[in-house]
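Treat the numbers as computed from the prediction; the structure is a model and nothing was measured.
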Amino acid sequence: MNLRVFETEQEAATTCAARIAEAVRHTPELVLGLPTGRSPLNVYRGLSMLAMQGKLDLSRATTFNVDEFLGLPPEDAGSFRAYMDRHLFRHVNLSTERIHFLDGCAPDAEAECARYDAALAQAGGLDLLLLGVGPNGHIAFNEPGDVLTAMSHRTRLSRETRLSHMQPFGDDPSRVPMSALTVGMAAVLQARKVVVLAFGVNKAAAVTGMVHGPITTRCPASFLQLHRDVEVWLDTGAASGLHGRRLEEARSRRD
């Protein structure tokens, strides 16, 4: 893992957006894996600003979002599709047919997950996967457990994860769906490049487990230690549990 520690979340996000734009300029047909949640918000704002300035052209790029709540239609304000429309899609020139999403209202969740995996394989897999990491170490909606699932699947969300997604539901945890559809660990580990964002001291334990801890299904993010090309972008709060050589390396790479 290549670690970078920034003084602020905004500094990290602005730099990350510029890197993504550079990657798209180099490879206009880039296949992007995209997350939701709080961590990528400022990155999406940065990408939207670059698009407005004529410095980002996504017309030939393809996107696959990594998860969606089960039972929510795309037009529901709490859905991840609505989140992406609000914060990125309506501000950039992505072609609608190049935007891929799991359908949370599909009548057959298993068939929907198989369809999504097939679409991802047909696209050639993910060139660049942007990820957040949950406070409990989940990536996408691959939650801690006894085992992890390779392929896209239906998952029951932990209480901790549901509490962290209350804001679009009026801060009412009872309204947050109990389950979701998510890409599996195969899509994550087979992505050609992974960029992980983590901001705030509440992510410090998960980041420490991801970087220093043993590879364990109890911290799905720890499996990123097996990946050949991972960048971890942190602010000082999220990096507060790091120590030793890894922390010094991260500081030396600060842009």
OG1 of T63 to CG of L88, rounded to nearest 0.5 Å, is 8.0 Å
Backbone N/O of G237 and side chain of S240: donor-acceptor pair under 3.5 Å:
yes
Is it the case that S152 and D117 place a side-chain donor and acceptor less than 3.5 Å from each other?
yes
Output field: ring centroids F89/Y44 closer than 6.0 Å:
no
Reported CG-to-CG distance for the pair L32 and L126, which is rounded to 0.5 angstrom
8.5 Å
Within-4.5 Å side-chain heavy-atom neighbours: P220 and P144:
yes
Say whether, by atom type as modelled, one donor and one acceptor occur between the side chain of N65 and the main chain of D67 under 3.5 angstrom.
no
Check this for me: does any side-chain nitrogen of one of R25 and E22 sit under 4.0 Å from a carboxylate oxygen of the other?
no
Heavy-atom nearest pair, F141 first then F80, reads CE1-CE1, 3.5 Å
Checking the side chain of R98 only, and the main-chain atoms of R60 only, is there a donor and an acceptor separated by less than 3.5 Å?
yes
CZ-CH2 distance between F199 and W233, expressed to the nearest 0.5 angstrom:
9.0 Å
Aromatic centroids of F69 and Y83 separated by under 6.0 Å
no
Could you walk me through whether S164 and E160 pass the side-chain hydrogen bond (donor to acceptor under 3.5 Å, both in side chains) test, one step at a time?
CA-CA 6 Å; S164 69; E160 189 173 13; over 6 Å; no
Pairs involving residues 179-204, ordered by first then second residue, that meet salt bridge (charged side-chain N to carboxylate O under 4.0 Å, His left out) (sequence neighbours left out)
D127-R192, K193-D229, K193-E231
Is there a side-chain contact between E112 and L102 in this structure, where contact means two heavy atoms from C-beta onward sitting under 4.5 Å apart?
yes
In terms of relative ring orientation, are H243 and H212 parallel, tilted or perpendicular, with 30° and 60° separating the classes?
parallel
Nearest 0.5 Å, what's the NE2-CG distance between H165 and D171?
13.0 Å
Pair T161-S158, side-chain donor/acceptor within less than 3.5 Å
yes
Salt bridge or not between R4 and E11? Use side-chain N to carboxylate O under 4.0 Å.
no
Mind jotting down which residue pairs meet the side chain to side chain donor-acceptor pair (under 3.5 Å) criterion with at least one end in residues 173-188? Sequence neighbours excluded, please.
D172-S174
Take atom CZ of R38 as the centre, draw a 6.0 Å sphere, and report whether it contains more than 12 heavy atoms from other residues, nucleotides or ligands.
no
Given side chains that start at C-beta, do those of R162 and M178 come closer than 4.5 Å, heavy atoms only?
yes
